[in-house]
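Notes to accompany the following structure.
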Amino acid sequence: MEAATTALGDADFAAPVEDRWFEDYVPGEVYAYGSITVTEEEILRFAGEFDPQSIHTDPRAATEGPFGGLIASGWHTCGIMMRLYADHYVSAVASLASPGIDELRWVRPVRPGDTLSLRTTVKEARLSRSKPDRGVVRTAIEVFDQHGDTVLTMTAINILRSRPAVDASRR
């Protein structure tokens, strides 16, 4: 799996992922990142270890299956999404945790040779009522193949630290 990924297009956060805080996630903002090409070897290796179903592990048997050929496990696709998400979107300094995801859908199968990219839309960013040093960000995630077809959708929820206050006495 090629992991050297980049922002796609001109839109990106003003702050780099190494200096991004809760306040940098503005509802309505859309960002796109990519790309990672999936190989047959990676599909077979992942499935052999984590999702040993013949549609993911046996190219010959998969041709007789419901998808007419080998496809990546949906969990493999989630892993690829997470690589793009972690490299480019979720803060390297402010991310505290994720309480989970909502509405995960594998819309279309991922096949050997597909090149995947990520689009994120900040849906909500709200300060915590109980802990004002952090906030909760809800992000709509879409993963596309090289043809622009959607292969995965989900909503991610992340807890992020707020930007530290600048101590005026240190200026």
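Only this structure's heavy atoms are used, side chains among them; waters, hydrogens and symmetry mates stay out.
Side-chain atoms of Asn158 and Tyr85 include a donor-acceptor pair closer than 3.5 Å.
Between Ile80 atom CD1 and Thr37 atom OG1 the span is 9.5 Å, to the nearest 0.5 Å. Separating the NE2 atom in His56 from the CD1 atom in Ile71 is a distance of 5.0 Å, to the nearest 0.5 Å. Atom CZ of Arg119 sits about 13.0 Å away from atom OH of Tyr89, to the nearest 0.5 Å. Here the OG1-CD distance, from Thr155 to Glu103, works out to 4.5 Å after rounding to the nearest 0.5 Å. Atom-to-atom distance recorded for Asp114:CG and His147:NE2 is 6.5 Å, nearest 0.5 angstrom. With rounding to the nearest 0.5 angstrom, the CG atom of Leu70 is 8.5 Å from the CG atom of Asp58.
Side-chain contact between Trp21 and Pro164 is present, with heavy atoms from C-beta onward closer than 4.5 Å. Counting heavy atoms from C-beta outward, Leu118 and Val143 have side chains that approach closer than 4.5 Å. Looking at heavy atoms from C-beta onward, Ile159 lies out of side-chain contact with Ser128 at the 4.5 angstrom threshold. Between Asp145 and Leu116, some side-chain heavy-atom pair lies under the 4.5 Å cut-off.
Under the 4.5 Å side-chain heavy-atom criterion for Ile, Leu, Val, Met, Phe, Trp and Tyr, Val137 and Leu104 are members of the same hydrophobic cluster. In terms of hydrophobic clustering, with Ile, Leu, Val, Met, Phe, Trp and Tyr side chains grouped at heavy-atom distances under 4.5 Å, Val122 and Val17 are assigned to different clusters. Val93 and Tyr31 end up in different hydrophobic clusters when Ile, Leu, Val, Met, Phe, Trp and Tyr side chains are linked at under 4.5 Å. Residues Val107 and Ile141 are members of separate hydrophobic clusters, defined by side-chain heavy-atom contacts under 4.5 angstrom among Ile, Leu, Val, Met, Phe, Trp and Tyr. Follow the hydrophobic side-chain contacts under 4.5 Å out from Leu127 and you never reach Val26; the two are in separate clusters.
At distances below 3.5 Å, at least one donor-acceptor pair connects side-chain atoms of Gln146 with backbone N or O atoms of Thr115. Remark: side-chain polar atoms of Ser98 are paired, donor with acceptor, to backbone N or O of Ile157 under 3.5 angstrom. Side chain of Arg20 to main chain of Ala15: a donor-acceptor pair is present (N/O by atom type, distance under 3.5 Å, no hydrogens or angles). At distances below 3.5 Å, not a single donor-acceptor pair connects side-chain atoms of Thr121 with backbone N or O atoms of Lys123.
Across Ile55 and Pro66, no two heavy atoms sit closer than the pair CG2-CD, 4.0 Å. For the pair Gly74 and Trp106, the tightest heavy-atom approach, listed with the atom from each and the gap, is O-NE1, 2.9 Å. For the residue pair Glu18 and Ala92, the shortest heavy atom distance occurs at CA-CB, 4.2 Å. In terms of heavy-atom proximity, Thr150 sits nearest to Arg108 at O-CB, 3.4 Å. When all heavy atoms are compared, the tightest approach of Ala61 to Ser54 is CB-CB, 4.2 Å.
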Start with the C-alpha distance between Phe22 and Ser91, add both sets of side-chain angles, then the distance that settles side-chain contact (heavy atoms from CB on, under 4.5 Å), and finish with yes or no. CA-CA 8 Å; Phe22 166 76; Ser91 172; over 6 Å; no
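Ring planes of His76 and Phe46: parallel class, angle under 30° (limits at 30 and 60°).
The residue from Leu96, Asp24, Val90 that alone fulfils the side chain to side chain contact (heavy atoms under 4.5 Å, CB included) condition with Leu160 is Val90. A side chain to side chain donor-acceptor pair (under 3.5 Å) with Tyr33 is found for exactly one of Thr120, Asp87, Asp12, namely Asp12.
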